[in-house]
Amino acid sequence: MSNEFKSADRVEDTTGRQYHIGLAPGELATNILTVGDAARAERLAKRFDEGSIRTEKRNREYVTFTGTYQGMEISVMATGMGADNTEIAMVELSQIVENPILIRVGTCGGLQDYMRLEDLVISTGAVRLENTTTYFVHEGYPAVAHFEVVAALRDAAVELGKRHHLGITATAPGFYGAQCRQDSGFTPRFPNLIDELAAMNVKNLEMETSALLTMAALKDYRVGAICTVFAERPHGNFVAKDRKVPAEDAALDTALLAFKKLQ
């Protein structure tokens, strides 16, 4: 076996560079904004202060930039899709940065009849439909956002005039069957899942938040999530292609202002 790694349990090289995210100590800021899509990370990095990017790393599906935004040091990390990718990112970034503040910016399906495309949803907690986190905590363990981050995101959305909702998110382990999509040619096991979640007053459905919140709680990190509604699940509507970037940017703007408030 190569001596690149210290042991089978610590998957990093001798400098502390992490195996999947590809980052070493000092390459992440304390403020970390996580996204699923690498293109979203690249777009945000273009808004960093001119010449401030000190880390640009691409390894597997993980894409990270560290620089400053309006003088505030920040990293944006694209993790790819799913709770499993989020778990890897959380474990490895915890090895190289102390007490980070994390905000996930993503997209989601809105579950309540009154929610509209491009609305923002600020998660106060999440239903753990995924099972990745059960390898760390009991099935009944709550996935809860940090109250300071929730308040900062709410205040930022109000200040920016963004239509938003606060409430419970559900995190699914997949996109098709796990989100009850019935037009894919594959029959979902739980065909009434959307209606059941909506009846529980769950606001939105996505694929990463509960893993982020649970893993962060184990370390007592300040963490939160904000998603843009791309699908009106009760009505079957999906955001127009030319509205995707502006809709995503509304959530990014809100998260960046929230980081400012948390300072």
Side-chain angles (χ1 to χ4, degrees), residues 18 21-59 61-80 85-86 89-90 92-94 96-108 118 120-123 145-164 208-209 212-213 216 219 221-228 243-263:
Q18 300 299 301
I21 63 176
L23 298 169
E27 294 183 342
L28 278 175
T30 301
N31 300 314
I32 304 173
L33 191 155
T34 70
V35 297
D37 186 359
R40 199 176 308 150
E42 293 166 353
R43 194 165 67 250
L44 178 56
K46 291 179 181 178
R47 296 166 60 181
F48 284 4
D49 299 333
E50 186 175 357
S52 73
I53 294 177
R54 62 178 178 83
T55 300
E56 179 177 349
K57 186 67 176 180
R58 302 167 189 271
N59 194 58
E61 59 265 67
Y62 297 95
V63 177
T64 306
F65 298 90
T66 298
T68 64
Y69 173 79
Q70 296 181 0
M72 174 182 64
E73 190 173 56
I74 191 167
S75 295
V76 57
M77 176 187 289
T79 63
N85 282 6
T86 300
M90 287 297 293
E92 294 191 1
L93 71 85
S94 294
I96 58 174
V97 62
E98 292 186 13
N99 298 318
I101 303 171
L102 300 116
I103 299 179
R104 159 167 157 68
V105 175
T107 61
C108 67
E118 302 188 37
L120 302 180
V121 182
I122 298 166
S123 301
H146 195 282
F147 71 96
E148 291 180 0
V149 182
V150 173
L153 286 166
R154 176 204 59 198
D155 291 349
V158 170
E159 185 173 327
L160 294 172
K162 304 298 184 184
R163 180 177 157 96
H164 63 283
E208 288 85 28
T209 295
L212 180 71
L213 301 186
K219 291 290 189 177
Y221 297 155
R222 288 189 287 175
V223 64
I226 182 169
C227 289
T228 303
R243 292 301 308 167
K244 288 183 177 181
V245 169
E248 290 175 349
D249 285 348
L252 288 171
D253 291 340
T254 305
L256 289 169
L257 182 55
F259 274 120
K260 287 280 190 182
K261 293 179 178 295
L262 288 164
Q263 303 311 301

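FYI, the numbering just counts along the sequence from 1.
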Side-chain heavy-atom pair [X], [Y] within 4.5 angstrom cut-off:
| X | Y | answer |
| --- | --- | --- |
| L23 | Y62 | no |
| F65 | R58 | yes |
| I32 | V97 | yes |
| V76 | V105 | no |
| L262 | V149 | yes |
| R47 | D253 | yes |
| T228 | K244 | no |
| T55 | S75 | no |

Please report the interatomic distance [atom1]([X]) to [atom2]([Y]), rounded to the nearest 0.5 Å.
| X | Y | atom1 | atom2 | result |
| --- | --- | --- | --- | --- |
| D49 | E73 | CG | CD | 11.0 Å |
| L212 | L102 | CG | CG | 6.0 Å |
| L44 | E248 | CG | CD | 11.5 Å |
| E208 | M90 | CD | CE | 13.0 Å |
| L28 | I96 | CG | CD1 | 4.5 Å |
| I103 | L252 | CD1 | CG | 11.0 Å |

Kindly determine whether N59 and Q18 satisfy side-chain hydrogen bond (donor to acceptor under 3.5 Å, both in side chains), including the steps that lead there. CA-CA 10 Å; N59 194 58; Q18 300 299 301; over 6 Å; no
Electrostatic pair E27:K57 at N-O distance under 4.0 angstrom: no
Salt bridge flag under 4.0 Å for residues R43 and D249: yes
Test N31 against Q263 for side-chain contact (heavy atoms from CB on, under 4.5 Å), laying out the working first. CA-CA 9 Å; N31 300 314; Q263 303 311 301; 3.2 Å; yes
Closest heavy-atom pair and its distance - [X], [Y]:
| X | Y | answer |
| --- | --- | --- |
| F259 | I101 | CE2-O, 3.6 Å |
| V150 | S123 | CG2-O, 3.6 Å |
| L256 | Y69 | CD1-CZ, 3.7 Å |
| A152 | K261 | O-CD, 3.8 Å |
| L153 | A225 | CD1-O, 3.9 Å |
| V223 | A216 | CG1-CB, 3.5 Å |

[X] side chain to [Y] backbone, donor-acceptor under 3.5 Å:
| X | Y | result |
| --- | --- | --- |
| S52 | T68 | yes |
| D37 | A78 | no |
| E61 | G80 | no |

Might you work through the side-chain contact (heavy atoms from CB on, under 4.5 Å) test for I74 and F48, ending with a clear yes or no? CA-CA 9 Å; I74 191 167; F48 284 4; 3.7 Å; yes
For K162 and L257, what are the C-alpha separation, side-chain angles and deciding distance, and is it a side-chain contact (heavy atoms from CB on, under 4.5 Å)? CA-CA 12 Å; K162 304 298 184 184; L257 182 55; over 6 Å; no
N85 vs T79, test: side-chain hydrogen bond (donor to acceptor under 3.5 Å, both in side chains). Steps then yes/no. CA-CA 6 Å; N85 282 6; T79 63; 5.8 Å; no
